[in-house]
Amino acid sequence: FPVFCCMKPLFFSLIGLGVAASLLSNSAVAEYSDTGSIPKNQQEAINELTDRELVEGYEDGTFRPTQSVNRAEFLKVLVAASGKSTPTSDEGVCFKDFVGATQWYWASACAAKKAGIISGYDDGTFKGGRFINIAEAMKIAANAFDVTLPVYIRAPDHWYEPYMTAMSGEGVFDGVRREPASFLTRAEMAFVVVKLSAIGQLQCDGHALGESYKVDCNTCTCTESGPACTKMACLPQKKCLSSNDCSSTQRCSTEWGDCKSACEPGAEMCPAVCAGVCEEK
């Protein structure tokens with residue numbers, strides 16, 4: 001991503017060793033002593049991400065909402081919230097500056113690179129400790145949540161204009177400064193993530209983008225355009241211990257403990273909830 005002249009590296013002063021001040025949490029405290037003076041929509045976003053265990057505050061009970069966020073911190077929270085990519089144990093070295101002992105954010109960065117959310121700098125580095133400016137944050141967030149970008153007749157004057165315009169349409173600047181070169185704050189980060197998470201939630205009856213869940217006999221995954229569900233037959237339930245207890249056209253579902261019509265490999269996917277759309281084979 002382009003780098004503004006005033007950017008300087010921050011070598012994990014927020015995270016330290018990734019324990020006390022980590023943005024990922026096992027705690028769900030929803031109130032902080034220093035968030036009372038920030039806008040209400042940012043307070044609510046911080047509390048929501050805290051409840052979802054995606055962020056946490058500091059040991060002194062503060063959140064430090066106006067403190068700047070670095071690229072590693074922003075990306076890790078964004079990846080966890082978007083559900084577009086899932087870090088795995090075999091991911092970790094995909095940028096030239098990922099050398100030495102494995103760092104807490106490497107897997108998330110590599111998963112994001114594989115998913116096309118980030119590409120890094122021209123020299124092949126990620127620079128996770130560098131503060132992220134709002135222009136960069138908008139580009140990464142747009143990629144993570146598949147936000148539709150505007151089409152230009154001629155090239156815009158600045159590389160970040162399409163991302164700023166798209167995010168304006170999503171209401172992101174209701175809680176983020178519209179200042180491309182300014183560094184994103186912790187409070188603004190929370191607002192961006194919550195605001196964009198709502199895109200999928202509105203389509204999927206409260207389920208987060210990328211989340212899989214059950215609807216009757218179907219397995220659904222929340223996508224940008226709504227739930228995508230396997231189309232399975234919903235026949236009258238007959239309890240079973242094995243497929244021998246079912247008819248020749250059915251099998252025993254070990255997950256549901258009853259007879260279901262056999263589902264062919266690669267069950268049909270559809271862009272709407274298929275519950276109730278049942279057929280016999």
Side-chain angles (χ1 to χ4, degrees), residues 1-15 21 23 32 34-49 54-55 57 62-79 81-82 105 109 112 117-122 125-152 154-199:
F1 299 101
V3 182
F4 288 89
C5 63
C6 54
M7 299 183 79
K8 296 181 180 180
L10 169 67
F11 294 105
F12 315 111
S13 62
L14 296 185
I15 298 296
L23 283 173
Y32 300 96
D34 60 344
T35 56
S37 61
I38 64 174
K40 185 177 179 181
N41 57 8
Q42 291 183 351
Q43 293 181 45
E44 292 173 344
I46 291 170
N47 291 344
E48 179 175 331
L49 290 191
L54 293 179
V55 300
T62 63
F63 186 77
R64 303 178 194 176
T66 60
Q67 188 165 282
S68 298
V69 175
N70 65 36
R71 287 165 56 83
E73 295 163 348
F74 178 68
L75 185 64
K76 186 154 189 175
V77 175
L78 193 71
V79 166
S82 71
Y105 62 89
I117 296 174
I118 60 172
S119 57
Y121 289 90
D122 290 340
T125 62
F126 175 65
K127 295 181 173 65
R130 177 171 286 177
F131 284 146
I132 189 167
N133 60 50
I134 289 174
E136 291 179 314
M138 295 303 100
K139 180 175 182 178
I140 295 174
N143 290 340
F145 286 94
D146 297 316
V147 175
T148 301
L149 301 179
V151 177
Y152 292 81
R154 66 173 182 82
D157 295 331
H158 304 286
W159 66 266
Y160 53 79
E161 285 184 16
Y163 304 100
M164 299 290 285
T165 299
M167 289 304 185
S168 179
E170 297 295 344
V172 167
F173 294 113
D174 292 343
V176 176
R177 292 162 296 156
R178 192 164 185 153
E179 301 171 5
S182 295
F183 295 132
L184 191 76
T185 67
R186 283 166 60 86
E188 289 173 326
M189 173 194 68
F191 186 83
V192 170
V193 172
V194 168
K195 192 70 174 179
L196 295 183
S197 294
I199 295 175

Results of side-chain contact (heavy atoms from CB on, under 4.5 Å) for A45 - residues two or more places apart only: A190, F191, V194

Closest non-hydrogen atom pair between R178 and S168, with its separation: NH1-OG, 3.1 Å

Distance in Å, M167 CE paired with F145 CZ, rounded so as to fall on 0.5 Å steps: 8.5 Å

Euclidean distance, E136 CD relative to Y163 OH, rounded to 0.5 Å: 12.0 Å

Partners meeting side-chain hydrogen bond (donor to acceptor under 3.5 Å, both in side chains) with T66 (sequence neighbours left out): none

Check: R64 side chain, R186 main-chain N or O, donor-acceptor pair, under 3.5 Å: no

With R177 via salt bridge (charged side-chain N to carboxylate O under 4.0 Å, His left out) - residues at least two apart: E179, E188

Distance, nearest 0.5 Å, that separates NZ of K127 from CZ of R71: 8.0 Å

F173 side, atom CZ; M138 side, atom CE - distance, nearest 0.5 Å: 5.5 Å

Residue list, side-chain contact (heavy atoms from CB on, under 4.5 Å) with A187, at least two apart or on another chain: I38, Q42, I46, P65, T185

Atom pair CD/OH of E161 and Y152 - distance to nearest 0.5 Å: 5.5 Å

Minimum heavy-atom distance between A137 and L184, given as atom pair plus value: CB-CD2, 3.9 Å

Heavy-atom check, side chain of M164 versus side chain of P180, under 4.5 Å: yes

Pairwise distance CD1(I140) to CD1(I132) - rounded to 0.5 angstrom: 4.0 Å

